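Heads up, the thing below is written out as structure tokens.
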2 protein chains.
Amino acid sequence: MTDTDPSQIKGFNRARERAARALLEDYVEMIADLTAEFGEARITEIAARLGVAHPTATKAVARLKREGLAVSRPYRGVFLTETGEALADQVRERHRTVVALLRAVGVPEEVAEIDAEGIEHHVSSRTLEAFEAFLASKAGK
Amino acid sequence: MTDTDPSQIKGFNRARERAARALLEDYVEMIADLTAEFGEARITEIAARLGVAHPTATKAVARLKREGLAVSRPYRGVFLTETGEALADQVRERHRTVVALLRAVGVPEEVAEIDAEGIEHHVSSRTLEAFEAFLASKAGK
DNA sequence: CGAATCTTGTAGCCAAGGCTACATTTCGCA
DNA sequence: TGCGAAATGTAGCCTTGGCTACAAGATTCG
């Protein structure tokens, strides 16, 4: 079996890639937030805010670097690349939209923030468009 | 460190329990569907529909049994316990509600079905209530 | 300037979901 | 009835996110 078996990939993708993408997005978003707030994102701070031990954050950042989303030098802060920034913007925008949508259908603010964290990673672009259109029409009324 | 450190649990919960709960729910829902359709749920069928190899499904079912959600005898089908049935009902009801909500805000049907799969596991009870209320008010108009 | 302290990096282990390979048990049918 | 195919079970490995423990590079300040 030298070529790639689709059925295997499907299984691999299932829970795996789903979770992996969510994780990447969380880290990128957090780095963007910290950079905006402090001018840089330190490993310790990233770990603390995401509620994980620092080696866990180190590993994740290594992955971000591998994927070209971030750069860093030993003992210095972590910064997003242009690609990383773009992803962060997209993620934050989507987060805002999801929260707004939830609020628009009557979800209490605190709950909306919390649930959006989990939900946002599963909102496809088409669903996002629908959300935006719905919010726009509602605003127009 | 003999007592339980909360910060550690938080980390453990993060991606872990999130994914674990979604997985359990997917399996329970699938078993319920298959039982409704064929009178029993076979490991092979469960695995096929969830797109995983059968040993993977076997492991998951073992976990369901451990948690008291299902029962099974070797080389026989898998069945849900009352607790499992209750969870399945809840999961399916929530799935329906999420799909309905998505449709109500303008998401195309096929997309709604797909995205609901990922979203539903992150919808808290309070958000679900809000969805139901929103749908009810909309129906009333 | 040097030591205590704080921040990072590295090594190494665990649990869990996935998979493949191989052993067993059932089942369908000639 | 008996055998081969199909369905399950079991063993064992990989990857990944998490964690702890320990090593090593920054920092701060007396």
Side-chain angles (χ1 to χ4, degrees), chain A residues 1-2 4-28 30-31 34 38 40-67 70-79 121, chain B residues 1-27 30-31 34 38 40-67 70-79 121:
Chain A
M1 196 188 294
T2 54
T4 310
D5 177 7
S7 65
Q8 174 182 339
I9 290 183
K10 186 182 174 193
F12 183 69
N13 282 352
R14 249 192 82 53
R16 213 49 165 222
E17 185 163 318
R18 171 194 290 181
R21 203 170 65 95
L23 253 286
L24 271 196
E25 292 179 354
D26 280 346
Y27 275 95
V28 166
M30 183 59 68
I31 293 170
L34 290 172
F38 300 116
E40 67 174 352
R42 310 300 304 234
I43 285 285
T44 302
E45 191 66 22
I46 296 170
R49 296 223 188 171
L50 288 178
V52 299
H54 79 84
T56 301
T58 301
K59 271 192 193 178
V61 168
R63 189 149 71 90
L64 294 185
K65 292 172 72 170
R66 223 186 307 145
E67 309 212 352
V71 292
S72 74
R73 298 208 329 278
Y75 297 97
R76 291 289 175 257
V78 181
F79 301 90
H121 302 294
Chain B
M1 196 189 294
T2 53
D3 53 345
T4 310
D5 176 8
S7 66
Q8 174 182 339
I9 290 182
K10 186 182 174 193
F12 183 70
N13 283 351
R14 251 191 79 53
R16 213 56 170 213
E17 185 163 319
R18 172 195 290 181
R21 204 170 64 95
L23 253 286
L24 272 196
E25 292 179 353
D26 281 345
Y27 275 94
M30 183 58 68
I31 292 170
L34 289 172
F38 300 116
E40 67 174 353
R42 310 300 304 233
I43 285 285
T44 302
E45 191 66 22
I46 295 171
R49 297 223 187 170
L50 289 177
V52 299
H54 78 86
T56 302
T58 301
K59 271 192 192 178
V61 168
R63 190 148 72 88
L64 293 184
K65 293 172 71 172
R66 223 185 306 145
E67 308 211 356
V71 293
S72 76
R73 298 206 331 275
Y75 297 96
R76 291 288 175 260
V78 181
F79 301 89
H121 301 293

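Not measured: the values here are computed from a predicted model. Order of the sequence lines fixes the chain letters, A, B, ..., with proteins taken first and strands second; residue numbering starts at 1 for each chain. All values below were derived from every heavy atom in this structure, side-chain atoms included, with hydrogens, water molecules and symmetry-related copies excluded.
Contact annotation: Thr58(A) side-chain N/O to dG9(C) OP1/OP2 distance is under 4.0 Å.
Across the protein-nucleic acid pair, Ile43(B) atom CD1 and dT10(D) atom P stand 11 Å apart, rounded to whole Å. Rounded to whole Å, atom C1' of dT15(D) lies 14 Å from atom CG of Leu23(A). Here dC14(D) presents its P atom at 13 Å from NZ of Lys59(B), a figure rounded to the nearest Å. Atom CZ of Phe38(A) and atom P of dT7(C) are 12 Å apart (whole Å). Atom-to-atom, NE2 of His54(A) to P of dA11(C) comes out at 14 Å; the value is rounded to the nearest Å. Rounded to whole angstrom, the span from the CG atom of Leu50(B) across to the P atom of dC19(C) amounts to 11 Å. Whole-Å rounding puts the Arg73(B) CZ to dA7(D) C1' distance at 15 Å. Distance CZ (Arg42(A)) to C1' (dT8(C)): 9 Å, rounded to an integer number of Å.
Nearest-nucleotide positions on DNA chain D for Arg76(B) and Arg66(A) put Arg76(B) closer to the 5' end. Along DNA chain D, the nucleotide nearest Thr56(A) and the nucleotide nearest Pro74(A) are compared for position; the residue whose nucleotide lies closer to the 5' end is Thr56(A).
Note: Ile46(A) CD1 to Tyr27(A) OH = 8.0 Å, rounded to the nearest 0.5 Å. With values rounded to the nearest 0.5 angstrom, Leu34(B) atom CG is found 4.5 Å from Arg49(B) atom CZ. Rounding to the nearest 0.5 Å places CG of Leu64(A) at 14.0 Å from NZ of Lys59(A).
Nucleic acid contact for Thr44(B): sugar-phosphate only, since backbone atoms but no base atoms lie under 4.0 Å from a heavy atom of the residue. Looking at heavy-atom distances under 4.0 Å, Pro55(B) makes contact with a base.
With hydrogens and angles left out, the side chain of Tyr75(B) and the base of dT8(D) share a donor-acceptor pair within 3.5 Å.
Qualifying side-chain contact (heavy atoms from CB on, under 4.5 Å) partners for Ala62(A), counting only residues two or more places apart in sequence or in other chains: none.
Counting all heavy atoms, side chain and backbone alike, Val78(A) lies closest to Ala70(A) at CG1-CB, 4.0 Å.
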